Structures are given as structure tokens and as C-alpha cells.
Amino acid sequence: MSMDEAASSESSNAAAARAKQDQMVERALREWRGQLESLVAVVTGGARGIGRSMSEGLMRAGAKVVAADKSWDGAEDFRKQLEADHGLAVEVDITDDTQLDAAYVDVLDRFGTVDILINNAALVSETLFHPTGHRNTLDTTDQDWQAMFGVNVFGTLKVIRRFIQPMQEKRRGSIVNVVSSGVLPVAAGGGYHGLRPWTVEMPYQATKAAITALTFYLGEEVRGDGVAVNAIMPGHTRASWFDTTARAFNEIGVVYFMRPAIPEHLLPITLFLSAQDGRGAAGRLYYVPEWNYDHGYGDYAAWLDRELPPDMEEMYSRLEAAMPKYERAGVPHLPFDAQGALYAAAMANLGSQENWAGGSTQ
Ligand SMILES: NC(=O)c1ccc[n+]([C@@H]2O[C@H](COP(=O)([O-])OP(=O)(O)OC[C@H]3O[C@@H](n4cnc5c(N)ncnc54)[C@H](O)[C@@H]3O)[C@@H](O)[C@H]2O)c1
């Protein structure tokens, strides 16, 4: 195959993958539009990344969307689109009580109530320790922990304390907390170990573990008030920080783990959970790729980003070509240790002495 032929077959594969992804999103919209039409949804961190995609999905499902973010720089087009669609863009730092009080008043003045709250805003390791995100626990400072807990835990709690009030008053509502699979313990013959502690993500994962525990406890406490509280763990997603991080690793000869998924892989479950209340699914933690597979929304590979910029496409194609094949029936997403081993084998096949895991590339 010539280079031109290879490029053209790559772009038709990418178009076919995108068409299938669009169909799955359309199906989800059809499935839940009837239950979400005209509900008021607040999405924190809604200006970019996963939060923007969730805001767009909820808007397309007919909800009135409030996207709240501490910064709208570079997201002006989305702000206009949101406002044209009868939504509201709010500039608010969720760590700031005064700003949050004002945002709460704005939302109630405009829409009179809140039905859905998506707690998505967070600092991730890649934004706190820009650009690679890797810092071993003993190299972190108290200030790093305070910054991370300030946004991801105390900020989230401040948002919940306010926006849950209309839901409790009318005895109906849904809260969705975005956490991470890095919080999971895995059973191993009577004991437990971490799902993937080699991803080097403290204090980020400590904050996500706190919000996971909060989901179970608060979920039980407010279920009787009609409010569902659930948590979701996304796949490895191409959010706003992703390309900078992947390129920083590439500069030191390392491919930034596996090809990312598109943020839209979170839409079907976001719509489903948004339509819940205390009488439905509540107090639960879902791993999004597994939920998608079990509900007919494709396996993990179906949601991978096949439309990367050329330099990133080159990195991930090279990695995938060097990766040993491993598939198993009934496993929509390979266990993380298997992924880690395949990734390390691919990096070794590429002749690299270094790889992304294990904190070797701080
Ligand atoms: N991208 C992934 O692979 C991945 C995986 C697991 C979990 N998550 C979670 O998904 C959620 C979204 O992250 P993302 O990857 O889209 O990152 P992102 O950085 O692209 O988006 C986060 C958004 O939160 C906003 N934000 C940060 N601090 C804020 C504050 N104090 N007040 C208001 N807004 C604030 C940012 O401005 C940004 O728009 C986070 O909860 C993250 O932990 C992401």
C-alpha cells in the first residue's frame, strides 16, 4: 500500500468510527430526551473537556443547561452557543463561597429551580503538575494537597450544599459526581490491592476516593428526599489538557499511555443518570466503559478518538502497531494490569528504555 493509500484508508476508518459514535449518541438522546426535556441541569467545569461535552449532550436532550466554570478563556464560541440555546454560562470558582452564592442566585432567578447537578469541575494531576502530571507522593507538598482537596472535595461539597436545596424541596433530583477508576480496590484471594497505583496520581486520586465515599453516604442520606446521588468513572479521555500532556511525553520519547476515548463516551450514562431520582438508581458507582458495553453502547474501542491531529495520530498508530494482540470474550475494556503489560511490551518493541508508567518520567 502506498503512503497516499494508507492515509486515505486511515481517514475512511476514522469517518466510519465517528459515524458509529454519532449513531450511539443519537440513540442515547432518543432514549432519554422524553425524561430530560425542560429540566434544569447545572454542570460544573462545563466550559471545556468532559464538562463541555456533557453540557452539549444535556442541551441536545432538551434540558436547560447552566455551565459553570472558573474560566471561559478560549471557550467563547461555546458560551455563545449555550446562550443562544437558552442556557446560561456562569463564571464561578467553586472554592469561593461568595461567588457560589451569587451563582446560585443567578440560576434560581433565571430558571427557578435545579433538577440535575453534575459535579465535574476538578483539578487533575496534569493541570496541577503541568504538563506530565507525574509526581511521586513523597515529592508532593501540603500546598499541593490543599489545592487539590480545595477544588475537588471542598469545592464539590460547597456546590452540593447549595444546589441540592431545590431538589430536596420538590423531592426530586439527580446528582452525578465524576470520579476516577484509580480509586478502585480489586479483590485478590481474600485481600485487596489498588486497581492501578502505577499511574502515579496523588493527591488527585485521594480526592476522588473522598468523593466516591461521599457518593455512597450522601446517596443513602438523601434517597428518601427523592434525590439520587451517583458517581461515574470515565475512560481515559481526550479532555482539554490531553494534547499538551501527550506532546510533552512524546518530546522525551514516551507515548502517553493508550489512545484516548472521546468525551462523548460519557453521554449515554450521563443522560441515564440525569433522569434518575431517589426512587431509581441511587448511591451507585459506575465504570462508564462497562456500563456502555452492558447497555448496547459499544465496547471501549468503539469510542476511541480516531481523529487525532497528525502528530498524535502518528504516536498512537506507532504504539498500536507495536502492541501484542490480546482479546477476551466478555471483556469490553482490558483489565488495567493487562493494559499496563501490553503497553510496556509495545514500548520495549519500539526500543524505548522508558515508559509512561511508574513515575519514571517526572
Ligand atoms: N480526562 C480523563 O481521562 C478523566 C478520567 C477520569 C476522571 N476525569 C474527571 O473528569 C472531570 C473533568 O475533567 P477533564 O479531564 O475534562 O479536565 P479539564 O481540565 O478539561 O476540565 C475541567 C474543568 O474544570 C474547571 N475547573 C477547575 N477548577 C475549577 C474551579 N475551582 N471552579 C470552577 N471550575 C473549575 C476547569 O476550568 C475546566 O474547564 C474531572 O472531575 C476529572 O477528575 C477525567
Side-chain angles (χ1 to χ4, degrees), residues 42-56 66-76 78-79 82 89-100 102-103 117-131 133 146-159 163 176-184 195-196 199 201 203-212 214-215 231-246 256-267 269-270 285-289 300 303-305 333 336:
V42 176
V43 182
T44 66
R48 57 186 67 73
I50 288 174
R52 171 174 172 162
S53 167
M54 288 170 152
S55 300
E56 287 172 334
V66 180
D69 207 295
K70 73 167 181 203
S71 150
W72 282 86
D73 289 353
E76 295 80 8
F78 178 50
R79 184 174 206 152
L82 187 66
V90 180
E91 192 160 314
V92 57
D93 182 335
I94 64 166
T95 65
D96 186 313
D97 282 301
T98 311
Q99 288 186 28
L100 267 178
L117 168 63
I118 313 277
N119 285 308
N120 164 80
L123 289 180
V124 298
S125 298
E126 291 80 0
T127 49
L128 186 67
F129 304 128
H130 180 81
Q146 274 154 0
M148 211 38 121
F149 272 78
V151 179
N152 300 7
V153 179
F154 294 110
T156 299
L157 195 54
K158 285 175 193 295
V159 173
F163 289 94
V176 180
N177 298 322
V178 184
V179 295
S180 166
S181 61
V183 306
L184 290 178
L195 180 68
R196 50 176 178 83
T199 57
E201 289 182 276
Y204 169 73
Q205 293 294 359
T207 67
K208 293 291 164 180
I211 294 299
T212 304
L214 172 136
T215 302
I232 55 176
M233 301 176 284
H236 179 54
T237 308
R238 189 171 167 221
S240 68
W241 47 267
F242 192 94
D243 295 10
T244 309
T245 296
Y256 175 48
F257 206 46
M258 304 292 201
R259 181 187 290 270
I262 57 171
E264 288 90 335
H265 82 279
L266 290 140
L267 285 188
I269 194 170
T270 300
L285 169 67
Y286 296 92
Y287 184 49
V288 179
Y300 197 69
W303 290 100
L304 293 180
D305 196 327
H333 179 257
F336 276 95

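Model, not experiment: these values are computed from the prediction. Atoms within a ligand are numbered from 1 in the order they appear, just like the ligands themselves. Throughout, residue positions are numbered sequentially from 1 according to the sequence presented.
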>> Is any side-chain heavy atom of Phe154 closer than 4.5 Å to one of Thr95?
In response: no
> Which protein residues have a heavy atom under 4.0 Å from ligand 1?
Replying inline: Gly45, Arg48, Gly49, Ile50, Asp69, Lys70, Val92, Asp93, Ile94, Asn120, Ala121, Ala122, Val124, Val151, Val178, Val179, Tyr204, Lys208, Pro234, Gly235, His236, Thr237, Ala239, Ser240, Trp241
> Mind checking what makes side-chain hydrogen bond (donor to acceptor under 3.5 Å, both in side chains) contact with Thr127, not counting sequence neighbours?
Replying inline: none
> Between His236 and Phe336, does the ring centroid distance fall short of 6.0 Å?
Replying inline: no
>> The criterion is side-chain hydrogen bond (donor to acceptor under 3.5 Å, both in side chains); which residues satisfy it with Ser180, sequence neighbours excluded?
In response: Arg196, Gln205
> Any luck finding a side-chain donor-acceptor pair between Asn119 and Thr156 under 3.5 Å?
Replying inline: no
>> List the residues meeting side-chain hydrogen bond (donor to acceptor under 3.5 Å, both in side chains) with Glu264, not counting sequence neighbours, and say none if there are none.
In response: none
